[in-house]
Amino acid sequence: MIMSGTKTLETPRLHNALARAATHSPSSNKKEKEQEHWQSPARSTSPRYISCLPAAEMVQTTVFLLVLSLALGAHSLPPKKCNLIGHWVNDLGSTMTISAVNGDGVFSGSYLTAVSATTNEIKVSPLQGTLQRKNQKGQPTFGFTVNWTFSDSITVFTGQCFLDKDGKETLKTMWLLRSRMDNIENDWKATRVGTNIFTRVQSQKE
Ligand code: BTN
């Protein structure tokens, strides 16, 4: 029994009526049968029980379903995933922006290195990469290439986007920097290797 305003509502009867409405089966209870008959639209051949519930019961049911859906929704929120899109800074002070990841996991962006193996003036350079999407459990692996616009070199990065218990994202990467050599005899010294750790730069809006 539930009190709703000044009207007393019998919830077992309400729930019986709702259950029958869902299956379109009429009541076997005499008292309810009379009520359903009285409430059925005169011209309808198949009574629509749900639309004939008293207004107060409809309101109560709506509120109940709303609270239930909110409670269920709170538990079924998808877990946060590590997301490459955004602004990042690494342990050398280099910055990069990943602007978009498409449906195939292909992404692009720009990179501004803080250091260089050359004496050239450093300029923003484009990057292109791919995110692995299979079985990543929200912490995807990825690879990207930076094609330096101010030198003859190219760098490939490979890494993984990690998410800690506080939701903080970290990109752990390893890179190979290939410099151009004038002749094959110098090939042995053409490639540098290293690691970089990137953390997200929060934009002003976030
Ligand atoms: C060059 O020196 O020819 C181009 C710039 C290379 C910068 C390297 S790439 C790996 C490491 N991580 C950075 O952020 N910058 C350096």
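Order of listing sets the numbers, starting from 1, for every ligand and every atom in it.
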What does the contact table look like for ligand 1 (nitrogen or oxygen on each side, cut-off under 3.5 Å)?
residue	atom	partner	partner atom	Å
ligand 1	2 (O)	S116	OG	2.9
ligand 1	2 (O)	A117	N	2.8
ligand 1	3 (O)	S151	OG	2.7
ligand 1	3 (O)	S153	OG	3.0
ligand 1	12 (N)	N196	OD1	2.8
ligand 1	14 (O)	N90	ND2	3.0
ligand 1	14 (O)	S94	OG	2.6
ligand 1	14 (O)	Y111	OH	2.6
ligand 1	15 (N)	T113	OG1	2.9

Ignoring hydrogens and angles, write down the donor-acceptor pairs under 3.5 Å from the side chains of residues 101-108, residues two or more places apart or on other chains.
residue	atom	partner	partner atom	Å
N102	OD1	D104	N	2.7
N102	OD1	G105	N	3.1
N102	OD1	V106	N	3.1

* Just jot down the ring pair (Phe, Tyr, Trp, His ring centres under 6.0 Å) partners of F162, sequence neighbours excluded, or say none. => none

* Roughly how far, to the nearest 0.5 Å, is the NZ atom of K168 from the CG atom of L163? -> 11.5 Å

* Asked: Who passes salt bridge (Lys or Arg N to Asp or Glu O under 4.0 Å) against D91, sequence neighbours left out?
  -> none

* With a 3.5 Å cut-off and no angle check, do the side chains of N90 and Y111 form a donor-acceptor pair? -> yes

* To do: Please work out whether the ring planes of F144 and F198 are parallel, tilted or perpendicular, with thresholds of 30° and 60°.
  => perpendicular

